[in-house]
**Q** 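Dropping the structure in here first, questions after.
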Amino acid sequence: MTRLLLLFLLFLQALNGVAQVKVKPIKSFHIEVKEPSDIALHPNGGSYFIVSDNGFLHEVSMEGKIIRTADFEGFDTESVCVKDSLIYVVEEMVRRIRVFRIEDFKLIRTVTIPYQGGRNKAYESMTYNPVRNKFILLTEKDPIYLFELDDNLVVTNEIELKKIARDISAATFYAGHLWLLSDEDRQIIQLNPATYEVVKRWVIPVHNPEGMAFNDKNELIIVSDDMEKIYVFDAKLFLQ
């Protein structure tokens with residue numbers, strides 16, 4: 001890319017109010033989960049739930065040690081989110097949402113949500129948006145769609161997020177905003193939860209960032225699939 005073109009792109013970003021900001025982690029450490037693909041905070045704030053590419057759901061300590069594993073082996077599990085006493089796990093290739101109880105890790109429901117896109121470009125991330133009282137389910141790429149689901153996991157709305165990123169690998173809600181993670185762009189993207197418009201972007205030096213969660217210690221947690229590591233950022237950097 002020529003210097004002139006780069007300056008022009010930065011100028012356009014500034015005009016749109018979404019210029020990229022670079023941030024660095026304050027620490028990182030290895031975790032016991034192989035090929036972690038997403039992370040969510042336990043409602044009690046004392047542990048995480050992590051899903052892996054090989055189909056497992058784990059509860060993991062704040063230090064990355066496996067506490068328990070669900071008696072279940074899925075297929076291409078890419079996302080995990082928590083609402084109330086339930087854990088929602090997304091299997092991308094087979095277009096399924098699995099619902100588990102936090103208390104005993106028991107699978108209590110399976111929902112299939114058809115999608116006609118590429119087999120490995122389907123549902124990659126899920127979270128709950130309390131501003132619109134909807135779950136949101138996002139496809140990975142080509143194109144990136146945001147689906148809104150009601151509490152019964154029925155699709156009620158569909159929005160194409162054009163030119164938001166090359167891909168989306170994770171989503172979460174924190175401090176009144178929606179947050180998306182792009183693996184290919186290595187970006188964190190803040191969205192207005194009422195309109196789904198981009199507010200701000202950050203560039204992170206993390207290889208293959210696949211999962212994202214905020215914890216009760218004012219930290220942003222990013223999970224790297226290939227590195228099998230957790231990267232910790234100061235959450236205050238994203239709220240300025």
Side-chain angles (χ1 to χ4, degrees), residues 1 3 5-42 45-53 60-65 78-81 124-125 127 138 140-141 144 163-193 198-240:
M1 180 181 293
R3 179 177 176 82
L5 177 58
L6 178 60
L7 291 173
F8 178 69
L9 291 175
L10 291 174
F11 173 72
L12 288 180
Q13 289 175 340
L15 283 180
N16 292 328
V18 290
Q20 300 174 9
V21 178
K22 294 183 179 180
V23 291
K24 294 182 179 180
I26 55 178
K27 62 181 177 180
S28 64
F29 53 90
H30 285 277
I31 56 178
E32 292 183 342
V33 178
K34 301 297 182 183
E35 299 182 59
S37 52
D38 200 11
I39 186 169
L41 184 68
H42 193 297
S47 62
Y48 300 110
F49 298 112
I50 294 180
V51 290
S52 61
D53 289 342
V60 176
S61 72
M62 305 300 277
E63 294 76 35
K65 306 296 183 182
E78 293 292 344
S79 181
V80 60
C81 77
E124 187 79 10
S125 52
T127 193
L138 292 108
E140 182 179 7
K141 60 181 180 179
I144 298 170
K163 300 180 181 180
I164 192 169
R166 284 187 291 173
D167 78 319
I168 296 297
S169 60
T172 192
F173 184 90
Y174 177 75
H177 291 278
L178 280 173
W179 307 80
L180 305 184
L181 179 64
S182 172
D183 171 9
E184 295 182 19
D185 292 336
R186 298 188 186 184
Q187 285 187 8
I188 296 166
I189 306 166
Q190 184 189 71
L191 298 187
N192 180 320
V198 175
V199 177
K200 199 169 183 179
R201 298 174 184 266
W202 294 262
V203 177
I204 55 173
V206 176
H207 177 68
N208 193 206
E210 284 282 322
M212 171 174 58
F214 289 86
N215 64 26
D216 293 345
K217 299 179 180 179
N218 294 317
E219 295 171 336
L220 169 61
I221 305 299
I222 299 292
V223 173
S224 167
D225 185 325
D226 288 350
M227 304 302 291
E228 296 176 357
K229 293 177 69 173
I230 278 178
Y231 293 82
V232 181
F233 296 80
D234 184 351
K236 293 192 295 293
L237 297 174
F238 304 92
L239 299 174
Q240 296 174 351

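Any value given below was found using the heavy atoms of this structure, including those in side chains, with hydrogens, waters and symmetry copies removed.
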**Q** Minimum heavy-atom separation for Ser169 to Pro209, with atom names?
**A** OG-O, 3.0 Å
**Q** Taking side chain as C-beta onward, heavy atoms only, is Val198 less than 4.5 Å from Leu191?
**A** yes
**Q** Check whether any side-chain N or O of Ser182 sits under 3.5 Å from a backbone N or O of Asp167 as a donor-acceptor pair, and report yes or no.
**A** yes
**Q** Got Phe238 and Tyr174 here, is their nearest side-chain heavy-atom distance under 4.5 Å?
**A** no
**Q** For Met212 and Ala171, which heavy atoms make the closest approach, and how far apart are they?
**A** CE-CA, 4.2 Å
**Q** To the nearest 0.5 Å, tell me how far Phe29 CZ sits from Lys229 NZ.
**A** 10.0 Å
**Q** Quick one: does Asp225's side chain get under 4.5 Å of Asp183's, heavy atoms only?
**A** no
**Q** With rounding to the nearest 0.5 Å, note down the distance linking CD1 in Ile188 to CG in Leu180.
**A** 10.5 Å
**Q** Do Trp202 and Phe233 have their ring centres less than 6.0 Å from each other?
**A** no
**Q** Please tell me if the side chains of Met227 and His30 come closer than 4.5 Å, counting only heavy atoms from C-beta onward.
**A** no
**Q** Under 4.5 Å between any side-chain heavy atoms of Val60 and Glu32, yes or no?
**A** no
**Q** Could you measure the distance from the CG atom of Leu239 to the CD atom of Gln190? Nearest 0.5 Å is fine.
**A** 7.5 Å
**Q** Quick one: CG on Asn208 to CD1 on Ile222, what's the gap to the nearest 0.5 Å?
**A** 12.0 Å
**Q** Might you point out which heavy atoms bring Ala213 and Ala40 nearest each other, and give the distance in Å?
**A** CB-CA, 4.2 Å
**Q** Any heavy-atom pair between the side chains of Thr127 and Trp179 that's under 4.5 Å?
**A** no
**Q** At what distance, to the nearest 0.5 angstrom, does CD of Glu124 lie from CD1 of Ile168?
**A** 9.5 Å
**Q** Which pair of non-hydrogen atoms, one from Arg186 and one from His207, has the smallest distance, and what is that distance?
**A** NH2-ND1, 3.3 Å
**Q** Give, for atom CG of Asn215 and atom CD1 of Ile221, the distance between the pair rounded to the nearest 0.5 Å.
**A** 4.5 Å
**Q** Run Glu210 and Val223 through side chain to side chain contact (heavy atoms under 4.5 Å, CB included) and show every step you take.
**A** CA-CA 6 Å; Glu210 284 282 322; Val223 173; 5.6 Å; no
**Q** Yes or no on side chain to side chain contact (heavy atoms under 4.5 Å, CB included) for Val232 and Lys27, after CA distance, side-chain angles and deciding distance?
**A** CA-CA 5 Å; Val232 181; Lys27 62 181 177 180; 3.7 Å; yes
**Q** Is the shortest heavy-atom distance from the side chain of Val23 to the side chain of Ile204 under 4.5 Å?
**A** yes
**Q** Do Ile164 and Arg201 have side chains that approach each other closer than 4.5 Å (heavy atoms only, starting at C-beta)?
**A** yes
**Q** Kindly give the heavy-atom pair with the smallest separation between Asp53 and Glu78, and that separation in Å.
**A** OD1-OE2, 3.5 Å
**Q** I need the minimum non-hydrogen distance between Gly176 and Pro193, along with the two atoms involved.
**A** O-CG, 3.3 Å
**Q** Between Asp234 and Asn218, is there a side-chain donor-acceptor contact under 3.5 Å, judged purely by atom types and distance?
**A** no
